[in-house]
Amino acid sequence: MSLEEHFDATIERDQRIEPRDWMPDGYRKTMIRQVAQHAHSEIIGMQPEGDWITRAPSLRRKAILLAKVQDEAGHGLYLYSAAETLGADRTDLTERLIEGRQKYSSIFNYPTLTFADVGVIGWLVDGAAICNQVPLCRSSYGPYARAMIRICKEESFHQRQGYELLMTMMRGTQAQRDMVQDATNRWWWPSLMMFGPPDSQSTNTAQSMAWKIKRHTNDELRQRFVDMSVPQAEKLGVTLPDPDLKWNAERGHYDFGEIDWEHFKEVVSGNGPCNKIRLERRRKAHEDGQWVRDAATAYAAKHKEAAA
Ligand code: FAQ
């Protein structure tokens with residue numbers, strides 16, 4: 001059996017591809033692209049909520065938010081390690097991000113205007129992330145699939161903290177309820193865009209499905225998310241900002257309105273409301289951390305010398 005036949009048979013049997021296994025160049029390239037984009041999203045994704053750590057309304061909320069943002073840092077580092085098993089170099093990936101040569105999720109380019117945004121990010125953004133990532137626990141690349149299992153457990157805590165925060169605000173004053181509704185209005189459509197372009201315009205889906213990197217298409221997961229969110233919104237007492245949202249008994253799913261894909265393209269190409277702030281902060285943090293990397297390298301070199 002040739003190396004390629006062995007790879008195809010492994011995929012066919014639903015077994016995992018491991019770092020030392022032979023894999024087609026295209027598979028390796030796609031995996032690095034997706035894992036790196038995912039890692040960058042986790043790291044950049046610390047910023048919108050991080051803005052509220054110093055302004056959280058109570059010690060309890062502050063402790064929860066700190067824990068969540070730290071989890072996101074952990075997910076990012078974990079995913080960069082998964083990318084390294086494919087031969088990628090973390091410094092190189094970070095530089096590609098900072099120079100705008102590699103993408104991160106569109107969702108993190110919006111501002112967090114009130115504390116209700118923290119709750120809505122947990123409810124909708126982490127909700128969408130879970131919807132997208134649970135099937136990735138069965139992704140064909142072993143280190144990525146295993147990383148997803150742990151990450152999904154933590155994301156589910158994130159989602160619940162957001163929903164609980166919103167429930168609490170909805171039991172509060174009218175002003176608090178208005179904040180929740182306003183945040184829901186602003187985050188709903190961008191959350192639907194997290195799943196990527198429609199299947200008809202998704203350049204990678206067909207090949208990624210054939211390699212079992214992706215288990216569902218973008219539109220399938222988006223529909224699942226809409227179906228899941230509508231009853232949650234009803235329970236919460238908020239309206240989702242889509243007049244076309246209605247149950248379709250024939251399809252057994254909710255129909256929903258047109259997504260503004262032109263806006264999505266603008267955000268992905270660097271022109272969203274906060275793209276420049278996000279990348280600038282990431283660049284500064286990377287530069288400010290240079291002395292730590294230098295110290296670690298010098299320490300490793302000293303030990304190597306002593307051991308020789
Ligand atoms: N934003 O052909 P497809 C989180 C790009 S969750 C920006 O459909 P694919 C947790 C795509 O890369 C967020 N770019 O691509 C958290 C491709 O570009 P390229 C991260 C997008 O890969 C919560 C092009 O468009 N989650 O961080 C987006 O088959 C709260 C064509 O698209 C993941 O990354 C987008 N939304 O499907 C953290 C999950 N969508 O490179 C903090 C893993 C698409 O060809 C707080 N990734 N693009 O030029 C995936 O499941 C997939 O990569 C998709 C895209 C579904 C995102």
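For the single chain, residues carry numbers from 1 onward in sequence order. Bear in mind that the values here come from a model prediction, so they are computed numbers and not experimental data. Just so you know, ligand 1 is whichever comes first in the structure, and atom 1 is the first atom listed for that ligand.
- Which parts of ligand 1 touch Glu49 is read off a 4.0 Å heavy-atom cut-off, strictly below it: atoms 46 (C).
- For atom 12 (O) of ligand 1, the closest non-hydrogen atom of the protein is Gln37 OE1, 2.5 Å.
- When hydrogens are left out, the protein atom nearest atom 19 (P) of ligand 1 is Lys103 NZ, 3.4 Å; that is the closest non-hydrogen contact.
- When only interatomic distances are considered, the shortest N/O to N/O separation between Ser208 and ligand 1 does not fall below 3.5 Å.
- Considering both main-chain and side-chain atoms, Lys68 never comes within under 3.5 Å of ligand 1 through any nitrogen or oxygen pair.
- With Tyr78 as the aromatic partner, Arg150 meets the cation-pi criteria of under 6.0 angstrom to the ring centre and within 45 degrees of the ring axis.
- Within a 4.0 Å radius of atom 54 (C) of ligand 1, the protein has no heavy atom.
- In terms of protein heavy-atom proximity, atom 3 (P) of ligand 1 is nearest to Ser202 OG, 3.3 Å.
- Shortest contact from atom 23 (C) of ligand 1 to any protein heavy atom: Asp126 OD1, 3.4 Å.
- Some N or O of Arg33 is nearer than 3.5 Å to an N or O of ligand 1, by distance alone.
- At least one donor-acceptor pair under 3.5 Å links the side chain of Asp219 to the backbone N or O of Asp199.
- Looking at Asn204 next to ligand 1, an N or O pair under 3.5 Å apart turns up.
- Among all non-hydrogen protein atoms, the one lying nearest atom 40 (N) of ligand 1 is Gly196 CA, 3.2 Å.
- Residue His75 places no heavy atom under 4.0 Å from ligand 1.
- Distances between N or O atoms of Tyr144 and those of ligand 1 include no value under 3.5 Å.
- At least one N or O atom of Ser106 sits closer than 3.5 Å to an N or O atom of ligand 1.
- Looking at Glu155 next to ligand 1, no N or O pair under 3.5 Å apart turns up.
- When only non-hydrogen protein atoms are considered, atom 37 (O) of ligand 1 lies nearest to Lys214 NZ, 3.0 Å.
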